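Inspection log for the structure reproduced underneath, given as structure tokens.
Chain A is the first sequence line, chain B the second, and so forth, proteins listed ahead of strands; every chain is numbered from 1. All values reported here derive from a predicted model rather than from experimental measurement.
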Amino acid sequence: MIRRRRLAEIQRRLAERAVLVGRPEAELVAGVDAAYTGTHAFAAAVVVDVRSMQVVERVAACQRVHLPYIPGYFAFREMGAAIKALRRLKSRADVLLVNGHGAAHPRRCGIATHLGVLLRMPAIGVASRLLCGRVEQGKEPAPVVHSGEVVGYALHCGRAVYVSPGHGISAENAAALVAGLPFRKHLPLPLHEAHATAEAVKKRIINGDAEIIFEGEGYGKGERIHR
DNA sequence: GCGACAG
DNA sequence: ATCTTGTCGC
């Protein structure tokens, strides 16, 4: 049984450790995302060299999911698999892009905050929809305000995307960094690549084509992966 | 109490 | 997020 009160307390403590200032170098930008079945999460992490805009590394990891999706507590569902994949990266990215929010969270602790603080690296949350707060129309970029604080910015790269700092970077620099990346399917390149990779890996696993990749991770030909 | 609600 | 074929539109 999950105790939201307990999880919320963990988020408040983590939020206190988040550094919402900074302008990290961004030569190597990583992106992380996950695809799901009824029982497992397939996370993929990619590293893009911003100068050539080429993917220089691509890894994946699998893990059983233990929690359902609950708005505000999404990190506890996806974090495990995401960290597992990120730890497999040989290259050290300058900044991490996460599918979800960072400071634009009720307790200033979205999944980008969790990953940034726990992995001790600059992290930025990029989401397609708001979890909390409102967009201040008029300014450019448009600030996302919650409880009187600017927790992120709304960008208009094709469709709206909400960028908020997770750790080691300011809201302004996070927005500028993301705005400077090429977009693919409404997502900055590193995230689009991570998303596509996670889905491809999940598909291959379900078809039984690539169980070798995750051998010894808790499932294999013998275990069912409910879809 | 009511509505809103990342992926 | 996932379930799902064809189909309407830029």
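- Among the heavy atoms of the strands lying under 4.0 Å from A:Leu130 are primed sugar atoms or P, OP1, OP2 only; no base atom is included.
- At B:dA6, one or more side-chain N or O atoms of A:Tyr69 fall inside 4.0 Å of OP1 or OP2 (strictly under the cut-off).
- Nearest heavy atoms, A:Ala198 versus A:Ala44: N-CB, 3.5 Å.
- For A:Tyr36 and A:Glu78, the side-chain atoms include at least one donor-acceptor pair closer than 3.5 Å.
- The side chain of A:Lys202 has C:dC3 as its nearest neighbour among C:dC3, B:dA6, B:dG7.
- No donor-acceptor pair under 3.5 Å is formed between the side chain of A:Glu193 and the backbone N or O of A:Gly31.
- For the pair A:Ile111 CD1 and B:dC5 P, the interatomic distance rounds to 20 Å; values are reported in whole Å.
- Of the possible donor and acceptor atoms, one in the side chain of A:Asp94 sits under 3.5 Å from a partner among the backbone N and O of A:Leu28.
- No donor-acceptor pair closer than 3.5 Å links the side chain of A:Gln11 to the backbone N or O of A:Pro106.
- One can place CG of A:Leu67 at 15 Å from C1' of B:dA6, the figure rounded to the nearest angstrom.
- Using a 4.0 Å cut-off between charged side-chain N and carboxylate O, A:Glu199 and A:Lys202 make no salt bridge.
- Taking CD1 from A:Ile169 and CE from A:Met121, the interatomic distance works out to 11.0 Å, rounded to the nearest 0.5 Å.
- A:Lys203 places its NZ atom 16 Å from the C1' atom of C:dA1, with the value rounded to the nearest Å.
- As rounded to whole Å, 15 Å separates atom P of B:dA6 from atom NE2 of A:His114.
- Base contact: A:Tyr73 has a heavy atom under 4.0 Å from a base atom.
- In this structure, the CD atom of A:Gln63 is 19 Å from the P atom of C:dA1, given to the nearest Å.
- Between A:Ser164 and A:Ala103, the shortest heavy-atom distance links the atoms OG-N, 3.5 Å.
- Distance CZ (A:Arg77) to C1' (B:dC5): 15 Å, rounded to an integer number of Å.
- Contact annotation for A:Gly125: no contact, since no heavy-atom pair falls under 4.0 Å across all strands.
- Of the residues in residues 171-200 of chain A, those placing a heavy atom less than 4.0 Å from an atom of DNA chain C are A:His195, A:Glu199, in numerical order.
- At least one side-chain nitrogen or oxygen of A:Arg129 sits closer than 4.0 Å to the OP1 or OP2 atom of B:dG7.
- With rounding to whole Å, A:Phe74 atom CZ is found 4 Å from B:dG7 atom C1'.
- As judged by a 4.0 angstrom heavy-atom cut-off over every strand, A:Ala104 is placed among residues making no nucleic acid contact.
- Put simply, CD on A:Gln11 is 12 Å from C1' on B:dA6, counting in whole angstrom units.
- Side-chain rings of A:Phe183 and A:His192 stay apart, their centers remaining 6.0 Å or farther from each other.
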Exercise. How does DNA chain C look in dot-bracket notation if pairs are Watson-Crick or G-U with both distances under 3.5 Å, crossing ones as [ ], other-strand ones as |?
Worked result: ..........
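- Below 30°, between 30° and 60°, or above 60°: for A:His114 and A:Phe76 the angle between ring planes is above 60°, a perpendicular geometry.
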